[in-house]
Amino acid sequence: MDEPTHYLGHLNYSKDGVEEEIEFFYPSNVEWKCVHCGACCGDVGDRVRMIRLLDKDLDRIEATGEYDFFDDWDEGSFSAILKKVNGKCVFLTDEGCRRYDDRALICRMYPFWLERREDVFVFGVDEGCPGTEKGEPLDEDFFRILLKMALESMDY
């Protein structure tokens, strides 16, 4: 029998005193560890990265005293897009991200992304990330944490 490409996971999520069980699918047999290469922080080859920002991302980064780091953008839940310099994120330095602790949700989740398909959430993975196939296998708990972080950032 072939190995499934995704497993079904569950998250008990509480908002405003109401708890619900949220179903999500996460990729099977994924190993990943950040190798701090910075490839996710800008354009790579013919791939142009667009680092989209939520309102909560803007608030968190602006609270650090940063300004003029985004352009307005209106797509779904996103309200801004991070500026780049020479194809790289405006916050990327030779030492790494200078806003690492306050970085955008999309940066916190990379190389994973999340799509909503009707009543279920589905995680995808960018296989081009140099950190894939490194580290320990990721399990339901890992993706449950990512889902919760995303729901909180998007005011689900």
Side-chain angles (χ1 to χ4, degrees), residues 4-42 49-84 88-93 96-129 131-132 134-156:
T5 60
H6 284 78
Y7 296 131
L8 176 62
H10 295 87
L11 168 68
N12 291 323
Y13 187 73
S14 181
K15 182 174 180 175
D16 300 328
V18 176
E19 187 163 318
E20 68 176 301
E21 183 178 74
I22 298 174
E23 290 186 340
F24 63 96
F25 287 94
Y26 61 98
S28 61
N29 301 319
V30 172
E31 296 175 1
W32 175 79
K33 177 182 177 185
C34 182
V35 296
H36 303 281
C37 65
C40 56
C41 302
R49 298 235 189 254
M50 296 176 62
I51 303 169
R52 296 168 182 94
L53 303 170
L54 300 163
D55 287 339
K56 285 190 176 183
D57 295 328
L58 290 172
D59 293 343
R60 186 174 49 256
I61 296 169
E62 286 175 336
T64 69
E66 293 286 352
Y67 63 95
D68 196 30
F69 61 90
F70 68 92
D71 291 318
D72 291 335
W73 183 266
D74 186 14
E75 180 182 289
S77 299
F78 299 102
S79 56
I81 190 164
L82 205 59
K83 288 184 177 182
K84 294 185 285 186
K88 297 289 182 184
C89 171
V90 70
F91 297 132
L92 186 63
T93 70
C97 179
R98 76 170 197 263
R99 285 290 151 238
Y100 187 83
D101 291 338
D102 304 301
R103 68 196 188 282
L105 175 68
I106 202 166
C107 300
R108 293 170 189 267
M109 291 187 61
Y110 190 83
F112 307 100
W113 71 86
L114 185 62
E115 295 177 20
R116 186 172 187 174
R117 297 183 188 163
E118 297 181 21
D119 292 336
V120 69
F121 291 91
V122 180
F123 281 97
V125 59
D126 180 355
E127 298 288 343
C129 172
T132 56
K134 298 193 173 40
E136 297 295 317
L138 303 178
D139 60 10
E140 182 178 351
D141 287 338
F142 176 87
F143 289 98
R144 187 179 293 120
I145 290 167
L146 283 184
L147 178 58
K148 184 176 183 219
M149 181 175 54
L151 295 176
E152 290 171 349
S153 292
M154 297 186 306
D155 291 326
Y156 170 78

Measure the [atom1]-[atom2] distance between [X] and [Y] for me, rounded to the nearest 0.5 Å.
| X | Y | atom1 | atom2 | result |
| --- | --- | --- | --- | --- |
| Met109 | Cys40 | CE | SG | 13.5 Å |
| Trp32 | Thr132 | CH2 | OG1 | 10.0 Å |
| Leu82 | Cys89 | CG | SG | 4.0 Å |
| Lys88 | Ile51 | NZ | CD1 | 9.5 Å |
| Cys41 | His36 | SG | NE2 | 11.0 Å |
| Leu147 | His10 | CG | NE2 | 11.5 Å |

Working for side chain to side chain contact (heavy atoms under 4.5 Å, CB included), residues Asp139 and Tyr7:
CA-CA 9 Å; Asp139 60 10; Tyr7 296 131; over 6 Å; no
Side chain to side chain contact (heavy atoms under 4.5 Å, CB included) between Arg98 and Glu66, intermediate numbers included:
CA-CA 11 Å; Arg98 76 170 197 263; Glu66 293 286 352; 3.0 Å; yes
Heavy-atom side-chain proximity of [X] to [Y] below 4.5 angstrom:
| X | Y | value |
| --- | --- | --- |
| Ser79 | Asp72 | no |
| Asp57 | Phe78 | no |
| Leu114 | Val122 | no |
| Leu11 | Lys148 | yes |
| His6 | Phe24 | no |
| Ile81 | Leu53 | no |
| Phe25 | Arg117 | no |

Got more than 12 heavy atoms from elsewhere within 6.0 Å of [atom1], [X]?
| X | atom1 | value |
| --- | --- | --- |
| Asp74 | CG | no |
| Glu136 | CD | no |
| Asp119 | CG | no |
| Lys33 | NZ | no |

Under 6.0 Å between the ring centres of [X] and [Y]?
| X | Y | answer |
| --- | --- | --- |
| Tyr26 | Phe123 | no |
| Phe91 | Phe69 | yes |
| Phe112 | Phe143 | yes |

Lys56 and Asp59: salt bridge (Lys or Arg N to Asp or Glu O under 4.0 Å), yes or no, with the steps?
CA-CA 5 Å; Lys56 285 190 176 183; Asp59 293 343; over 6 Å; no
Should the pair Glu75-Arg52 be classified as a salt bridge under the 4.0 Å nitrogen-to-oxygen rule?
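Looking at Arg52 together with Glu75, the answer is yes, because their closest N to O distance falls below 4.0 Å.
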For the residue pair [X] and [Y], what are the closest heavy atoms and their distance?
| X | Y | answer |
| --- | --- | --- |
| Arg60 | Asp102 | NE-O, 3.3 Å |
| Glu140 | Leu8 | OE1-O, 4.4 Å |
| Ser77 | Leu54 | O-CD2, 3.3 Å |

Under 3.5 Å, side chain of [X] to main-chain N/O of [Y], donor-acceptor pair present?
| X | Y | result |
| --- | --- | --- |
| Arg99 | Ile61 | no |
| Asp126 | Gly128 | yes |
| Arg108 | Leu105 | no |

Start with the C-alpha distance between Lys84 and Leu92, add both sets of side-chain angles, then the distance that settles side chain to side chain contact (heavy atoms under 4.5 Å, CB included), and finish with yes or no.
CA-CA 9 Å; Lys84 294 185 285 186; Leu92 186 63; over 6 Å; no
Does the pair Asp101 and Thr64 meet the rule for a side chain to side chain contact (heavy atoms under 4.5 Å, CB included), with working shown?
CA-CA 10 Å; Asp101 291 338; Thr64 69; over 6 Å; no
Apply side-chain hydrogen bond (donor to acceptor under 3.5 Å, both in side chains) to residues Tyr110 and Arg49 and explain how you reach the verdict.
CA-CA 12 Å; Tyr110 190 83; Arg49 298 235 189 254; 3.3 Å; yes
